[in-house]
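The analysis underlying the following values was restricted to heavy atoms, covering all of them including side chains, and did not include hydrogens, waters or symmetry mates. Every chain is numbered from 1 and lettered A, B, ... according to where its sequence line falls, protein lines coming before strand lines.
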Amino acid sequence: MTVRTRFAPSPTGFLHIGGARTALFSWAYARRHGGKFILRIEDTDVARSTPQAVQAILDGMAWLKLQADEGPFYQMQRMERYRAVIGQMLQAGTAYYCYTSKEALEQLRAAQEERKEKPRYDGAWRPEPGKVLPPPPVGVEPVVRFKNPLSGEVAWQDQVKGRIAIDNSELDDFIIARADGTPTYNFCVVVDDWDMGITHVIRGDDHVNNTPRQINLLQALGAPLPLYAHLSMILGDDGQKLSKRHGAVSVMQYDEEGYLPEAVLNYLGRLGWSHGDDEIFSMEQFVAWFDLDHITASAAQFNTEKLNWLNAHYIKQADGARLLAETVRRLGMQGIVTQPTAELAQAVELYRDRAGNLNELATALRPFVVEPTIADELRAQHLTPVALQALQALRAALQDCAWDAAELGQAIKRTAAAQGLKMPQLAIPLRVALLGAPQSPSIDKLLQAMGREQVLARLQRLS
RNA sequence: GUCCCUAUCGUCUAGAGGCCUAGGACAACACCCUUUCACGGUGUGAACCGGGGUUCGAAUCCCCGUGGGGACGCCA
């Protein structure tokens, strides 16, 4: 049996971190078993679905390089198929028309809640042998309800949570088609998973409660049952539930914030899944190791600090040309138009080990591209008359110094000694003069990367 | 309210009855490296939710509490 998994987001917003992890796990499982990963857009909620959201999801998947083998399929394009199946069910008696109005339903629910009961449909229009149904009211378009079994239990072996069983008495006859004829979520999922031959349903555990309904439907249809794996949710950094107005952000925002996709992927792969003590792994390794047995059953709190650590790691590892391109692009976003020069490439190498993210890297590299402004405070503190005099002496010494880190280091040392200064007394003002900041990588390498022309010009401008 | 899921350091987790004096990682702290700041290295502190069972033996199995989460839509 070929493994077939799917990711089935509804396009009502961006692809957020929880969705991304679900997609990653589904993708990896299919890859691991030489199967197929299918992307399906669940857009039957016409009022809330937007083409922008579809695009946002596609963009997020592309950024993470989670390639679908089939799809994207759109449920709105499968209406005919859904209608046909509903027709069959009506015919077979596994579904029926219900004329209870929305308003009546709301009253029913309110009354049940009043009595501290579980709100559910009362089965008024459910046909039973010997039962006399009321005459259909005129002018009311009926909904179609699934005739759920009344007794017994529906159970499955969840691949992450173990056996889960729910009594059919807890379930009611849910609506599979609205009054306007459009099918609803639980029904579409079932038909799609069946038609698309899905073998493993890997999804968020907010769907655990839908599973028994879907299994009953599948059985009514005579369809094979897939295996289910329900992933627990991801909580925000503060332990609170992620929601649109609290902490939930698009995966694309991680790009904007300077994260490398491989860092996000590695972080997500390790969040709620483990492979012994392994923390850092490539997608190749992840695919080779990934299994359902080591998925955590409980909710996991997102930890930005750890993501940052991974991001820093991947920045250290990244290809230099790629980092240079990212730096240029991000400087552009900061309003600084520049080119990927050899000097900038050198500077990238000098700074990559100290950057937590790509935006920090770009920001640190700004002084290599545009003249920094030196804050008055720093100027007063570091560019004292003594320091300025030493810097001019250094400028003279640098005039015809070979432009190489070792030589430059010697020149700085000699100048400091000649001026009766300790190294930091010259090096710190020099940093301030060149970068507008008192900290930097080693000063000799800094000079080398910045280039003779720029260094001398900046020193000259001080006087 | 009813049903379902869940519970190991602050956080992510290892742990499938003896290998656990509970391991790793992030974060924290200390020290080392260093002309600064980082990086890096070394080290320290830090956890089995509570109560009952089962067993020679329980972080691991069972039950009951408690905490956390989810569901109960003509949303997905």
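Under 3.5 Å, the side chain of A/D278 and the base of B/A25 form no donor-acceptor pair of N or O atoms. For a distance-only test at 3.5 Å, the side chain of A/E279 qualifies as a donor-acceptor partner of the base of B/G24. You'll find a donor-acceptor pair under 3.5 Å spanning the side chain of A/R48 and the base of B/C75, going by distance alone.
Between A/F146 and A/F174, the ring planes are tilted. Angles from 30° to 60° get that label. Ring planes of A/F281 and A/W273: perpendicular class, angle over 60° (limits at 30 and 60°).
Taking only side-chain atoms of A/S442, from C-beta outward, the nucleotide of B/U35, B/C5, B/G24 with the closest atom is B/U35. Across B/G1, B/C74, B/A76, the shortest atom-to-atom separation from the side chain of A/E42 is found for B/A76. Closest to the side chain of A/R178, out of B/C4, B/C26, B/A76, is B/A76. The side chain of A/N209 lies closest to B/A71 when the candidates are B/U13, B/A71, B/C4. When distances run from any side-chain atom of A/A179 to the nucleotides B/C74, B/G40, B/U35, the shortest one goes to B/C74. Which of B/C39, B/A25, B/U13 sits closest to the side chain of A/K306 comes down to B/A25. When distances are taken from the side chain of A/N303 to each of B/C4, B/C74, B/C26, the shortest belongs to B/C26. Among the nucleotides B/C26, B/G69, B/A76, the one closest to any side-chain atom of A/M233 is B/G69. Side-chain proximity of A/V143 to B/C74, B/U2, B/A7: nearest is B/C74. In the set B/C4, B/A76, B/G15, B/G15 carries the atom at the smallest distance from any side-chain atom of A/H294.
Residue contacts for A/K116: at a heavy-atom cut-off of 4.0 Å it reaches the sugar-phosphate backbone alone, with no base atom in range. Heavy atoms of A/L271 sit under 4.0 angstrom from primed sugar atoms or phosphate atoms, though from no base atom. When heavy atoms are screened at a 4.0 angstrom cut-off, A/A297 is found touching the sugar-phosphate backbone but no base atom. Within the nucleic acid shown, A/I428 comes within 4.0 Å of sugar-phosphate atoms alone, with no base atom in reach, counting heavy atoms only. The residue A/S274 sits close only to the backbone: its heavy atoms come under 4.0 Å of sugar-phosphate atoms, none of a base. Nucleic acid contact class of A/G272 (heavy atoms, under 4.0 Å, all strands): sugar-phosphate only. Within the 4.0 angstrom heavy-atom criterion, base atoms lie near A/R431. Note on A/P441: a base of the nucleic acid sits closer than 4.0 angstrom, heavy atoms only. Among the heavy atoms of the strands lying under 4.0 Å from A/A427 is at least one base atom, whether or not backbone atoms are also near. Base contact: A/D277 has a heavy atom under 4.0 Å from a base atom. As judged by a 4.0 angstrom heavy-atom cut-off over every strand, A/T182 is placed among residues making no nucleic acid contact. Nucleic acid contact for A/E305: sugar-phosphate only, since backbone atoms but no base atoms lie under 4.0 Å from a heavy atom of the residue. In this structure, A/N210 reaches the bases: a heavy-atom distance under 4.0 Å links it to at least one base atom across the strands shown. Nucleic acid contact class of A/P119 (heavy atoms, under 4.0 Å, all strands): base.
For the pair A/D192 CG and B/A76 P, the interatomic distance rounds to 12 Å; values are reported in whole Å. Following rounding to the nearest Å, A/E360 (CD) and B/C39 (P) show an atom-to-atom distance of 11 Å. Atoms CG (A/D158) and C1' (B/C5) sit 10 Å apart, rounded to a whole Å. Rounded to a whole Å, the CG atom of A/L268 is 19 Å from the P atom of B/U11.
Under the 6.0 Å cut-off for aromatic ring centres, A/F290 and A/F25 qualify, their centroids lying closer than that.
Close to B/U13, at under 4.0 Å from its OP1 or OP2, lies a side-chain N or O of A/T296. Checking the phosphate oxygens (OP1, OP2) of B/G40, a side-chain nitrogen or oxygen of A/K316 falls inside 4.0 Å. The side chain of A/R40 places no N or O atom within less than 4.0 Å of a non-bridging phosphate oxygen (OP1 or OP2) of B/A76. Contact between the side-chain N/O atoms of A/T44 and the OP1/OP2 oxygens of B/A76 is found at a separation under 4.0 Å.
Look at B/G45: it lacks any Watson-Crick or wobble partner with both distances under 3.5 angstrom. Nucleotide B/G40 forms a pair with B/C32, judged by Watson-Crick or G-U wobble geometry with both contacts under 3.5 Å.
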Could you walk me through whether A/N210 and A/Y185 pass the side-chain hydrogen bond (donor to acceptor under 3.5 Å, both in side chains) test, one step at a time? CA-CA 10 Å; A/N210 288 322; A/Y185 169 76; 4.5 Å; no
Side chain to side chain contact (heavy atoms under 4.5 Å, CB included) for A/R6 and A/D192? Distances and angles first, verdict last. CA-CA 10 Å; A/R6 44 67 156 191; A/D192 288 347; over 6 Å; no
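Neither side chain, A/Y267 nor A/N308, offers a donor N or O lying under 3.5 Å from an acceptor on the other. No side-chain donor from either of A/D444 and A/Q448 sits under 3.5 Å from a side-chain acceptor of the other.
Using a 4.5 Å heavy-atom cutoff, the side chains of A/L408 and A/C401 are in contact.
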